[in-house]
Each structure stands twice: as C-alpha cells, then as structure tokens.
Amino acid sequence: CELSNIDRLDTFEVACKQLLTDLSNFKNLISNRVQSLDDQEWLFDKGSTKVCSADESGRKKRCKVGVVYRLQVELSQVDAETIWEEFSRFWGDTTLNQIERVGINEELGRYQFIANNSLGDELTCDIYLPNEWNIPQLNMLGCVSARYRKVDVQEV
C-alpha cells in the first residue's frame, strides 16, 4: 500500500465529513436562492455506515449510505432550473465534480441531477413538481463509497 500519495479523501472519516459539509452548504445555498425553500424545515438523516467483508489483510472498508436532506415543497419549473444551475456550479467545484442531468422524466415534472466522482461517491438531487403523478418534494441523497478508516490506513 503506497501511503505517500494518499489523497485527502482516501480515509472514510474525512470523506464522510466532506460530504456532510458540502451537502449542508449546498442546502443552505439553494435555500437562499429559491424563495420556496427559504425558512423551510428540512428533514435530515445522517445515514448509516455499512462495513464490508474483510480483505486479504483482514482490514474492512466502510461506506456511508442514506445521507439525506428532504423537503415536501411545491417548486416551479423555474425553481428546478435555478437549482440545476446552482447544482452544476456548486458540485462542479467539489470532489463530486462529474455532473449529470437526467432529463428523461422532466416532461412528467421529475428532475434528477447527479454529482459523483471516480471513487464511487455520489449525490443525487431529485425534484418532483406538483402534478397528478407526483407528491411535490425535493430529495438529496448522498453516499460515500467504501474506504478504510484512518486507523486502518495508518497500520499498513
């Protein structure tokens, strides 16, 4: 294991803290930019940590899943476009800088934006506009891919 080249997000604890910080900052940013989101009570779930099977050295990687900010709110198409603009700009400047907009269901009022990286970390932002098929809402779901804890890396 080559430790001299450890990236700043190579340890589980650092990657989790970074995702939570970035997600909270993004939530605050869009809350300030989209009037419908201002002064709303967001639901937050810190997610759960899953432990992978031991590798050949006996060490176990961990991943973080189910980190969520969620809000039942009626947004407009203009709001969704504003969130997309902020999403692509904000996440493009983070470690989750591979940005995608999934447009296949937008005619149904369902928007999905994805930010991820080559390590497998991901954040999805789903917006459902009010209509007969949707419960209006905004959900942001993040996960941190499998990594060793700092203590496991230091043992090598």
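We use all heavy atoms of the structure for the numbers below, so side chains are in, but hydrogens, waters and symmetry mates are not.
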Original post:
Is there a side-chain hydrogen bond (donor to acceptor under 3.5 Å, both in side chains) between Gln112 and Asp126 once you walk through the steps?
Top reply: CA-CA 5 Å; Gln112 184 175 59; Asp126 294 306; 2.9 Å; yes

Count the heavy atoms belonging to other residues, nucleotides or ligands that lie under 6.0 Å from [atom1] of [X], then report whether that count exceeds 12.
X     : atom1 : answer
Gln72 : CD    : no
Gln98 : CD    : yes
Gln35 : CD    : no

Contact summary for [X] and [Y], nearest pair of heavy atoms:
X      : Y      : answer
Arg62  : Lys60  : NH1-O, 3.0 Å
Glu106 : Val102 : OE2-O, 4.0 Å
Lys64  : Cys16  : CB-SG, 3.7 Å
Val67  : Lys46  : CG2-O, 3.5 Å
Glu85  : Ser88  : O-OG, 3.2 Å
Val144 : Cys63  : O-CB, 3.1 Å

**OP:** Answer with yes or no after comparing the ring centroid distance for Phe87 and Phe26 against a 6.0 Å cut-off, counting only values under it.
**Re:** yes

Quick check against the 3.5 Å criterion: does [X] have a side-chain atom that pairs as donor or acceptor with the backbone of [Y]?
X      : Y      : answer
Arg110 : Tyr128 : no
Asp38  : Val34  : no
Asn116 : Gly120 : no
Asn131 : Trp133 : yes
Asn105 : Leu108 : no
Ser24  : Thr21  : no

Original post:
Regarding Arg101 and the six-membered ring of Tyr111, is the cationic atom NZ or CZ under 6.0 Å from the ring centre and inside 45° of its axis?
Top reply: no

**OP:** Tell me whether the guanidinium CZ or amine NZ of Arg149 lies under 6.0 angstrom from the six-membered ring centre of Phe12 and within 45° of its axis.
**Re:** no

Which value, rounded to the nearest 0.5 Å, describes the distance between [X] atom [atom1] and [Y] atom [atom2]?
X      : Y     : atom1 : atom2 : result
Leu23  : Tyr69 : CG    : OH    : 6.0 Å
Leu129 : Ser76 : CG    : OG    : 7.5 Å
Asn25  : Ile30 : CG    : CD1   : 12.0 Å

A side-chain contact here means heavy atoms from C-beta on lying under 4.5 Å apart; do [X] and [Y] qualify?
X      : Y     : answer
Asp22  : Leu96 : no
Leu37  : Leu71 : yes
Ser48  : Val65 : yes
Leu123 : Trp91 : yes
Trp84  : Arg89 : no
Ser36  : Asp79 : yes
Phe113 : Ile83 : yes

Subject >> Electrostatic pair Arg147:Asp121 at N-O distance under 4.0 angstrom >> reply: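 Here Arg147 pairs with Asp121 in a salt bridge, since their nearest N and O are under 4.0 Å apart.
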
Original post:
So does Lys150 pair up with Glu13, basic N to acidic O under 4.0 Å?
Top reply: no

**OP:** Report yes or no: do Leu75 and Leu141 belong to one cluster of Ile/Leu/Val/Met/Phe/Trp/Tyr joined by side chain heavy-atom distances under 4.5 Å?
**Re:** no

Original post:
Does Ile114 share a hydrophobic cluster with Phe90, counting links as ILVMFWY side-chain heavy atoms below 4.5 Å and allowing steps through other members?
Top reply: no

**OP:** Check the pair Phe44 / Val68 against side-chain contact (heavy atoms from CB on, under 4.5 Å), numbers first and verdict last.
**Re:** CA-CA 6 Å; Phe44 174 70; Val68 175; over 6 Å; no

**OP:** Let me see the working for Asn28 and Ser31 under side-chain hydrogen bond (donor to acceptor under 3.5 Å, both in side chains), right down to the final yes or no.
**Re:** CA-CA 5 Å; Asn28 293 336; Ser31 293; 5.3 Å; no

